[in-house]
Amino acid sequence: MKIKAFKRAIGVLGILSLFCLMLLPAGCGLPKAPAPARTKEGYYVTDYQGNQVYIPHKPQRILAGNVAVDTMLLGLTTSDHLIVVNTVSRNPMSSFIADYVKEVPYTNYSLTGIQLETIVASKPDLVLVPDWTSQTEIKMYQTLGYPVVVLKGPDSVEEIQNDIRLIGKAIREEERADTLIRRMNEQMEEVENRLAQVQGRRPVGLIISRMSTWGGEGSLFDEICHLSRIKNGIAEAGIASGQELSKESVIKARPDFFIVPVSRKGDISTFHKEWLADPALSHLEGVHHIVPIPNRYIYCVNQNIPYAIEAIANAAYGDLFDMTDEHLIRGF
């Protein structure tokens, strides 16, 4: 997920953290892990940025601290191999893995990176980060002695699967990665076959997100809309991924319905209520058709994307899909 504001925030946080490290007096600094010794079971992984990363043994204390990567990891390994998860991963409205991570000891409360105190306290033997993490922050993790593998922040289903393959290599679960991708594709094919039976005009759905530069043409959400057989209102208004959504753009898109992400059951936030109550939007048909959808579908950047497609399709067409059998798609 590409979010310019996130990138800027991460850069500032990383610089401040590194500056604080430099100011600490000798002998009082943060504990630095020793450089990984070369071992018989050690191996190299080439990450998304082309870095050759040495991993001395199959990881047992993995830190991603990002809900998307946490979810992909649990498609390939068990929760006892995760030492940290993001706070969002523990919320069942925002995550497919809340029931799996209750016993994971550490929580990363940052949505833009990894808290310095968390990485130091948890002592991971592998750190996985998306490519929108600042180089300053990545260097800081490496300075502390941890192997760091950079993943692509996915903008498509293909890129999600590429990340799954890279994670599989990093944690020595390549066969599980292949199985996970196969199961993901099988489920997506079933969804596609069901939606192929839907005829007629494709309705326009427009998401109102607090991240006003997210969801435009070329984004992963745009692809989810296409696969759900609806038109993405943000893209219909000519807004590309990373560009700001304005009320004028919404009027131009003339959505048939609005999608509102929710992080608590039955709750539409005051932000969304006030946004949609703007008199400038009152003439739009879509303001009479507002569909709250859990965050785990809206911001789905993981192997459970078939369920995101089903949820968006149900918002547009009614109960096309029975989602009571929803589960975490895994490779084992």
Side chains of [X] and [Y], donor plus acceptor under 3.5 Å:
X      : Y      : value
Glu310 : Tyr297 : no
Asp70  : Asn86  : no
Tyr43  : Arg172 : no
Tyr109 : Thr118 : no
Ser212 : Glu244 : yes

Treating [X] as the side-chain partner and [Y] as the backbone partner, does any N or O pair qualify as donor plus acceptor under 3.5 Å?
X      : Y      : result
Asp47  : Leu151 : no
Arg264 : Met93  : no
Asn314 : Leu320 : yes
Tyr317 : Arg229 : yes

Measure up the Tyr299 and Trp214 rings against each other and bin them: parallel (under 30°), tilted (30 to 60°), perpendicular (over 60°).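 Because their plane-to-plane angle lies in the 30° to 60° range, the rings of Tyr299 and Trp214 count as tilted.
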
Given side chains that start at C-beta, do those of Tyr106 and Lys123 come closer than 4.5 Å, heavy atoms only?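 No, their side chains stay 4.5 Å or more apart.
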
Side chains of Leu328 and Thr71: closer than 4.5 Å at any heavy-atom pair?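 When only atoms from C-beta onward are counted, Thr71 and Leu328 do touch, with a gap below 4.5 Å.
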
Nearest heavy-atom neighbours spanning [X] and [Y]:
X      : Y      : answer
Pro306 : Gln187 : CB-CG, 3.9 Å
Leu245 : Ile207 : CD2-O, 4.1 Å
Pro261 : Ile208 : CD-O, 3.1 Å
Lys58  : Glu173 : NZ-OE2, 2.6 Å
Lys247 : Asp278 : NZ-OD2, 2.8 Å

Could Arg182 and Glu186 be called an ion pair, given the rule that one side-chain N must be under 4.0 Å from one carboxylate O?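 Counted as a salt bridge, because a side-chain N and a carboxylate O are separated by less than 4.0 Å.
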
Do the side chains of Arg296 and Glu326 get close enough for a salt bridge, i.e. N-O under 4.0 angstrom?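 A salt bridge links Arg296 with Glu326.
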
